[in-house]
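The structure under discussion appears below in the form of C-alpha cells.
Any value given below was found using the heavy atoms of this structure, including those in side chains, with hydrogens, waters and symmetry copies removed.
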Amino acid sequence: MDLSPPRHHSPEYDSLLLAGPRLSPLKQAHARLIVAGHGHSLPLVTKLATLAVAAGAAPYAYLLAAAHPSCDSFMLSSLTRAAARRGLPGAAIAFYGRLLATALPFSSYAFTAVAKACADLSALRTGMAVHAHSILLGFGSDRFVQTALIVLYSKCSQLLVARRLFDAIRDRSVVAWNAMISGYEQNGLAERAIEVYREMQVAQVVPDSTTFVATLSACAQAGALDLGREVERRIVSGQMDVTVFLGSALVNMYARCGLVNKARNWFDRLQERNVVTWTSMIAGYGMHGHGHEAIKLFHLMRREGPTPNDVTFVAVLAACAHAGLVSEGRDAFDSMKVYELVPRAEHYCSMVDMYGRAGLLDDAMQFIRDSIPGEPGPEVWTAMLGACKMHKNFNLGVEVAERLIALEPENPSHRVLLSNIYALSGKMYHVEKVRNVMINRRLKKQIGYSLIELGGTAHLFRMGEKSHQQTREIYQYLEELIHRISDAGYVPETDSVLHDLEEEEREVALRYHSEKLAVAYGLMMSRGSTAPIRVIKNLRICGDCHLAIKFMSSVENREIIVRDKHRFHHFKDGKCSCLEYW
DNA sequence: GTAGGGTTAG
C-alpha cells in the first residue's frame with residue numbers, strides 16, 4: 001500500500017495538466033503562466049513544451065526550449081522522448097541535435113528515444129551515429145539503450161547486428177526478448193523468431209502478451225499451427241486478458257494456418273475489435289477463396305465496424321480477385337474515395353488481377369489505360385501477364401512481357417513467365433532463347449520449397465530433395481502413390497513441366513516437386529489418421545501438382561490443405577476449394 | 001523534479 005502523502009501540484013502545474021495535449025488550451029495556460037510571473041519556471045515550461053509535442057506542435061516546443069535561458073538536459077531529453085512517442089521522428093532527432101549542440105549532459109532517456117525515432121525512419125546512418133555516440137558517453141551497456149538499438153537495427157534489416165547486441169545483453173528483460181522475436185518476424189525470418197521464442201522458454205523468462213503477439217505472427221507466417229495452438233493454450237489457461245492486439249494475432253494466426261473457422265470463432269468472441277482485426281478476418285476469407293464471406297464481413301464492417309483503411313481495401317480486392325467477384329470488386333474500388341483513400345499499386349494490381357483472372361483481358365487493359373494515373377508500375381504488368389498466361393492469350397502476353405522486361409531487366413521472373421508463354425504456345429525455339437539469355441546474364445530463378453509440420457517439427461522439401469533421413473521411403477511412397485492415382489485417372493500435365501522454369505530449380509522431374517514430396521511424406525507418416533495434411537509452399541502451386549493432389553485426396557480419402565504464395569487450396573474428395581481459380 | 005525499451009492486418 002502506498003503510504004506516501006498525496007502529491008500536491010502547484011495551481012500552475014495543475015492548469016497545464018488540465019489543458020492536456022491540446023494546443024489551444026496549452027497556449028492559454030502558457031499566457032497565464034507569463035502573466036503570473038512563472039514564464040521562466042523550468043519545470044513548468046518543460047511540462048508545457050512536452051505537452052505541446054504530444055499535441056503535435058513540435059516547432060512551438062522547440063521555440064520554448066531554445067528561448068529558455070537555462071534549458072536543461074532533462075527538458076531536451078523529455079522533448080526527444082515525447083516526439084518519438086508522438087510519431088514525430090524528425091522532431092525527435094532535432095531535439096537530440098539541440099542536446100548535442102548545447103553540450104548538456106546526456107541521459108539514457110535521450111538515447112532510447114532517438115533510437116526509436118531512427119528506427120521509425122529506418123535511418124540506418126543516423127542510427128549508427130547515435131549508437132556510436134551512446135557508447136562514447138558510457139551508455140553502451142545500458143539495457144534500455146541496448147533494447148532500443150535492437151529495434152533500430154531490426155527495422156533497418158540488420159538482423160546480424162541486432163542479434164549481436166541481443167546476445168551481448170546480460171540478464172535480458174522480457175522486452176529485449178520480444179524485440180528480438182519481433183525483429184526476426186518482421187523481416188520474414190519466422191523460423192528464427194520461433195527459435196528465439198523457444199530459447200526464451202529454455203531461459204525460463206516469463207513471456208507476456210507482447211511475446212505472444214509476436215510469436216503468433218511468426219506462427220502465422222511460418223504456418224506453425226502446433227506452436228500457434230500451444231500459445232493459444234497458454235493464453236487461455238493463463239487467463240490472460242485478450243487485448244485487441246492478442247485477439248488480432250490469434251485471428252491472423254488461425255486464418256493463415258488454414259483454420260478459417262477457428263479464426264472466425266476468435267473474431268466473434270473478442271471483446272474489442274479494431275480495423276486490424278476486421279482486416280485480418282477479411283483477408284483470411286480472401287486467402288481461402290471465400291469471397292462472399294469476405295464481402296459480407298466488409299459490408300458488416302461498413303455498417304457497424306471501424307472505418308476501413310487502405311489495407312482493408314487490399315484485402316477486399318484480393319478476396320474479390322480470388323473468388324471471381326468482379327462487380328463486387330469494382331464497387332469496392334469505387335467506394336475507396338468515400339473514405340478519402342487514394343488507391344496504390346497494390347489496389348491497382350488487385351483490380352487488374354481480378355479482371356484478368358476472370359478472363360476479362362480487355363477490361364483489364366482498359367482499366368490500366370483509363371484508371372491508373374501515370375505510367376503503371378511493373379506489378380501491374382505482372383498481374384496482366386499472369387492473366388495472359390492463364391487465359392492463353394499469347395500475343396498480348398508476349399507484348400506485356402517485353403514491356404516488363406524493358407522495365408525491369410534484372411528481374412528473372414518476368415523472363416520465366418515469358419518463356420512459359422512461349423512454351424504454352426509451342427514456340428520451343430523462343431523458350432530456348434529466353435533461357436539462354438537468363439543463363440548468360442546469370443539470372444537465377446527463385447527456389448521453391450514446401451514445408452510440412454509433424455509433431456511440432458517442420459520438414460522442408462525442395463524439388464528432388466534427397467537430404468531427408470527417410471528419403472528412400474518417401475520416394476518409394478510417392479512412386480506408389482503416383483501409380484495409384486494414375487489408376488484412378490491421373491495423367492501428368494506436361495504443360496506444367498515448363499512451370500519449372502518459374503517455380504522450381506530444374507525443368508524435369510515434375511514428379512518430385514517439393515509439394516508432392518511434402519504431401520507424400522505427410523500421408524506416409526500419418527497412415528490411419530484422418531487429420532488433414534497441411535503443407536505450405538513459398539511459391540505458387542503448379543498445375544500438375546494441383547491435379548495430382550486432387551487425386552491423392554480422393555485415393556487416400558484425406559483432406560489435404562496447401563497454402564501457396566497467394567492463397568489456400570483445400571483438397572477433398574478429388575476436388576479443390578479454389579475451383580481451378582488461383 | 002518528472003520519464004524509458006517490445007506488439008497486430010496486405
### Query
Counting side-chain heavy atoms from CB outward, which of B:dG10, B:dA3, B:dA9 is closest to A:Ser217?
B:dA9
### Task
Using only side-chain N and O atoms of A:Arg85, determine if any of them is under 4.0 Å from OP1 or OP2 of B:dA3.
no
### Query
Do A:Ser280 and B:dG10 have a side chain to base donor-acceptor pair shorter than 3.5 Å?
no
### Query
How long is the line joining CZ of A:Arg273 and P of B:dT8, in whole Å?
21 Å
### Task
Looking only at side-chain atoms of A:Ala148, point me to the closest of B:dA3, B:dT7, B:dG5.
B:dG5
### Query
What is the distance from CD of A:Glu12 to P of B:dG1, rounded to the nearest Å?
12 Å
### Query
Within 45° of the axis and under 6.0 Å from the centre of the six-membered ring of A:Phe212, does NZ or CZ of A:Arg234 qualify?
no
### Task
Could you tell me the separation between the CG atom of A:Leu165 and the C1' atom of B:dG5, rounded to a whole number of Å?
13 Å
### Task
Please state whether the base of B:dG5 and the side chain of A:Thr112 form at least one donor-acceptor pair under 3.5 Å?
no
### Task
Could you check how far CZ of A:Phe245 sits from P of B:dT8, rounded to whole Å?
7 Å
### Task
Among B:dG5, B:dG10, B:dT2, find the nucleotide with the atom closest to the side chain of A:Thr147.
B:dG5
### Query
Does OP1 or OP2 of B:dA9 have a side-chain N or O of A:Asn252 closer than 4.0 Å?
yes
### Query
For the side chain of A:Asn309 and the base of B:dG10, is some donor closer than 3.5 Å to an acceptor across the two?
no
### Task
Using whole Å, report how far NZ of A:Lys565 lies from C1' of B:dG10.
13 Å
### Query
For the pair made of CZ in A:Phe333 and P in B:dG10, what is the distance, rounded to whole Å?
21 Å
### Integer-rounded Å distance: B:dG5 C1' and A:Asp142 CG
9 Å
### Query
Of the nucleotides B:dT7, B:dA3, B:dA9, which has the atom closest to the A:Val213 side chain?
B:dT7
### Message
Of the listed nucleotides (B:dG1, B:dT8, B:dA3), which one gets closest to any side-chain atom of A:Tyr109?
### Response
B:dA3
### Nucleotide nearest A:Val175 (side chain, heavy atoms from C-beta), chosen from B:dA9, B:dG5, B:dG1
B:dG5
### Query
Hey, is A:Arg192 close enough to A:Glu195 for a salt bridge, meaning N to O under 4.0 Å?
yes
### Query
What's the shortest heavy-atom distance between A:Leu325 and A:Gly291, and which atoms?
CD1-C, 3.5 Å
#### Entry: Spacing of A:Glu379 atom CD relative to B:dG10 atom P, expressed in whole Å
18 Å
### Message
Is it the case that the ring center of A:Tyr285 lies less than 6.0 angstrom away from the ring center of A:His292?
### Response
no
#### Entry: Stacked pair A:Phe74-B:dA3, distance under 5.5 Å, angle under 30°
no
### Task
Taking all non-hydrogen atoms of both residues into account, name the closest pair between A:Asn187 and A:Gly183 and its distance.
ND2-O, 2.8 Å
### Task
Describe the nucleic acid contact of A:Ala283 in one word from base, sugar-phosphate, nothing, applying a heavy-atom distance below 4.0 Å.
sugar-phosphate
